[in-house]
Amino acid sequence: MGEFVGIDPLGAEKLIREMEAGKNILGRTRPGLEAAITEAGEGWTGQGGAAAMHRVWAFFHESQRDLKWRIDTIQGIVPTQQKGMLTGTFTFGSVTEAAEAAKLDASAITAALEHHNQFLSGQSWAGVEKALGALKGRTDDPGYSAALLTALGPTTFQKLLRDWMNTQAAGARRGLTSDTLKRAGESSPGLLSKVFATAESSGRLGNEWQKMIDTAPSDILTTLVALAPQSGTFLNRVAANLLNRPPNSDTFPTDPNWNLHNLAKAYESNPEAFRRLLAEHPNEAGVMLDAYTIRSSGVPAYEETLARALHGALKPGAGSVDMRERAWITVINSIGSEHTWWVGGGIGTFADSPISRVLAQDITPILDKLARGQAMRNSPDVPYLEPREPWDKLDPTVSARFLGALMQDSTAADTLMKAGADYMKQLDMGRFHPFDPSSYAREAHINLAERTGALTNLLLAGSTYAEWSDDEQAERMAGFLLMPVDFISNKYLPVDNALVSTGKDKGIDDVKDTMKNLITDYFDKKTPDTARSVAGTLVNEQVEWLSRSLRENGQKALTASETAMMRDAMEGRIHDALLDALERRGG
């Protein structure tokens, strides 16, 4: 029938700590009491003396053990974050009873496995499955699970999984396929994986089980992490070990790599563990993000699964800010590295990558970090631009390659452009006029303008890696160039009625078309102009449109010196990236 139990885990843990304090007091008191009893000899009149203290200490110890078992069991039965009283029905009345039952079940499983080893038939394996069926309803009990695994040992435990694979999934040579994994979850591997998760996460397994990570075959380990939610510590140790194994360490390295997919699947279910892997194991995480690995895995679902795992780990608000930012830096350094195959590699473009789309979707909170790094490179003498740690170690060239890698996917490129526009809107550099009498306002405008210009710079630099058509390249370059100017116009032009707003929109569209035509003509060799002169003309178009728009809408016109200053500032922020983009595409 089982025992109905109600327990407040927080209260029980507090009681465990108080009993530990009592044990410490008894431990310090006992030597002095024993010495006093010995010295008194026959004159000692106490009843029990040190023996009573031993009994009290043992009572505390056993009570702690029982409470810890009850806490772990109830939290396994009721997987919730709620505080207060939790209730559930325990299969066993005590940890001792659970351990005794586990030993009996382990003995029956071992006997059935020995019988199967002798006959190797379907009937003999059915006997093993029947013995393993005893685990049903008991896998959430940490005392039972730990005692069962201790009795079986790592070798027999692995053999049970291997023999199931040999009899039920003989063709799965580099990890279980999705269909086979589903069948495994409904059979004995699912029970064994849950038992392992319960015992390992409660800290009840010995060192020999930790050593298993180094020696067990890859498919055994990925089956364990895919079939049950293992602890984040165990999952990351498995990942670090597997991703450090030689690429051809598998017996069948040309088969589809379901091990990699199943590892990503486990991380999809445990974003906190994946975030920690990305932040703390950049080399191993880089293997999962490697373009060749992704496209040569032989499992198309791997890329989609990895994208979902990345979203869980990196989406705005996920986990602590520090851990999430460190995880982002690993992703940027991996995809944007100097030798990355994400751009310019021999495996084709990533034009339809769900990874690109997810990263572009989640990147908004870190755009300012990337912009500050580029702004510092553009204008090292401008104060208050420095990115804080750990972003100060990120190379803006790597950031540009990373953005370029994402922009090979047109959907991701559109998302990045919108994220950039939203970033500039959030900065609201129009709060401060570039020619305000106040030096503070002028400095503030320069700081904000430097950061918006730096993001434009990064997007332009990234566009040189995107494999677009000439027309799309010109369209997007013109759009990038006009992002900061369009936002300035929103602040300084009156747009409080539909007529004026429509006129402004038409004006920005007209200048965008002009700039796009200038770029396209250069790409198509329809002009004798050099890339440098085209870049200069494009900057002039930006400033002239802004100046003309101010004048036509009744605003104070820019003086000649102010126009020159605006042009110099815009050119300084974007000219090098613009020139490089033109030369790479049209040179």
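Computed over heavy atoms, backbone and side chain alike; hydrogens, waters and symmetry mates excluded.
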Mind telling me whether H261 and W258 have parallel, tilted or perpendicular rings, with 30° and 60° as the class edges?
-> perpendicular
If we only count heavy atoms from C-beta on, is the R204 to T150 side-chain gap below 4.5 Å?
-> no
More than 12 foreign heavy atoms under 6.0 Å from NZ of K393: is that the case here?
-> yes
Spacing of OG belonging to S297 relative to CG belonging to D290, to within rounding of 0.5 Å = 11.0 Å
E200/R237 salt bridge by N-O under 4.0 Å criterion | no
Kindly say whether I335 contributes a backbone atom to a donor-acceptor pair with the side chain of T340 at under 3.5 angstrom?
-> yes
Between L403 and Y465, is any pair of side-chain heavy atoms under 4.5 Å apart?
-> no
List the steps, then state whether side chain to side chain contact (heavy atoms under 4.5 Å, CB included) holds for D163 with L113.
-> CA-CA 9 Å; D163 284 1; L113 186 59; 3.6 Å; yes
Rounded to the nearest 0.5 Å, what's the gap from CG on L306 to CG on L289? Could you check?
-> 6.0 Å
Audit row: K315, R324, side chain to side chain contact (heavy atoms under 4.5 Å, CB included) steps and yes/no | CA-CA 9 Å; K315 64 184 177 182; R324 188 171 68 251; over 6 Å; no
Quick one: do R183 and E186 make a salt bridge, cutoff under 4.0 Å?
-> no
From E304 CD over to I355 CD1, what is the distance, rounded to the nearest 0.5 angstrom?
-> 9.0 Å
Does the pair R372/D368 count as a salt bridge with the N-to-O cut at 4.0 Å?
-> yes
S124 (side chain) donor-acceptor with S121 (main chain) under 3.5 angstrom = yes
Counting distance only, does the side-chain N/O of T198 pair as donor-acceptor with the main-chain N or O of T139 below 3.5 Å?
-> yes
Kindly say whether S193 contributes a backbone atom to a donor-acceptor pair with the side chain of Q230 at under 3.5 angstrom?
-> yes
L416 to A360 - nearest heavy-atom pair and separation | CG-CB, 4.0 Å
E129-S188 side chain donor-acceptor pair, cut-off 3.5 Å = yes
Apply side chain to side chain contact (heavy atoms under 4.5 Å, CB included) to F274 and L310, showing your working.
-> CA-CA 8 Å; F274 195 31; L310 285 166; 3.8 Å; yes
Looking only at non-hydrogen atoms, find the nearest pair between F157 and L224 and report the distance.
-> CZ-CD2, 3.8 Å
How about W328 and L394: do any of their side-chain heavy atoms sit closer than 4.5 Å?
-> no
Donor-acceptor under 3.5 Å (N244 side chain, A240 main chain) | yes
Do we see a donor-acceptor contact under 3.5 Å between the side chains of R28 and N24?
-> no
Is any side-chain heavy atom of R275 less than 4.5 Å from a side-chain heavy atom of L278?
-> no
E338 and R401 ion-paired at < 4.0 Å | no
Least distance between heavy atoms, R245 atom then N241 atom | NE-OD1, 2.8 Å
Decide, yes or no, whether a salt bridge links K211 with E208 under the criterion of side-chain N to carboxylate O below 4.0 Å.
-> no
Quick check: does any side chain N or O of R174 sit under 3.5 Å from a backbone N or O of D255, one acting as donor and the other as acceptor?
-> yes
Side-chain donor/acceptor of T305 to backbone N/O of A264, under 3.5 Å | no
Side chains of K194 and R138 in contact at under 4.5 Å (non-hydrogen atoms) | no
Kindly indicate, with the supporting measurements, whether the criterion side chain to side chain contact (heavy atoms under 4.5 Å, CB included) is fulfilled by N257 and Y302.
-> CA-CA 9 Å; N257 193 344; Y302 172 61; over 6 Å; no
Minimum heavy-atom distance R308-K265, with the two atoms named = NH2-NZ, 3.9 Å
Count the heavy atoms of every other residue, nucleotide or ligand shown that sit under 6.0 Å from CG of D214, and state whether that count exceeds 12.
-> yes
Under 4.5 Å between any side-chain heavy atoms of L192 and W164, yes or no?
-> no
Modelled atom types, side-chain donor and acceptor of E303 and S353, under 3.5 Å = yes
Do P316 and T364 touch side chain to side chain, with heavy atoms closer than 4.5 Å?
-> no
Could you tell me whether the side chain of S187 and the main chain of A184 form a donor-acceptor pair under 3.5 Å?
-> no
Nearest-0.5 Å distance that lies between atom CD1 in I332 and atom CD1 in I366 = 4.0 Å
Closest non-hydrogen atom pair between G175 and N262, with its separation = C-ND2, 4.4 Å
So, do N270 and V225 sit near enough that their side-chain heavy atoms are less than 4.5 Å apart?
-> no
Is R295 salt-bridged to D352, cutoff N-O under 4.0 Å?
-> yes
Look up atom CZ in R326 and atom OG1 in T330, then write down how far apart they are to the nearest 0.5 Å.
-> 8.5 Å
What distance do M165 atom CE and L176 atom CG have between them, rounded to the nearest 0.5 Å?
-> 4.5 Å
Identify whether the distance between the nearest side-chain nitrogen and carboxylate oxygen of D219 and R162 falls below 4.0 Å.
-> yes
Least distance between heavy atoms, G298 atom then P256 atom = O-CB, 3.6 Å
Under 3.5 Å, is there a donor-acceptor pair between the side chain of N236 and the main chain of A273?
-> yes
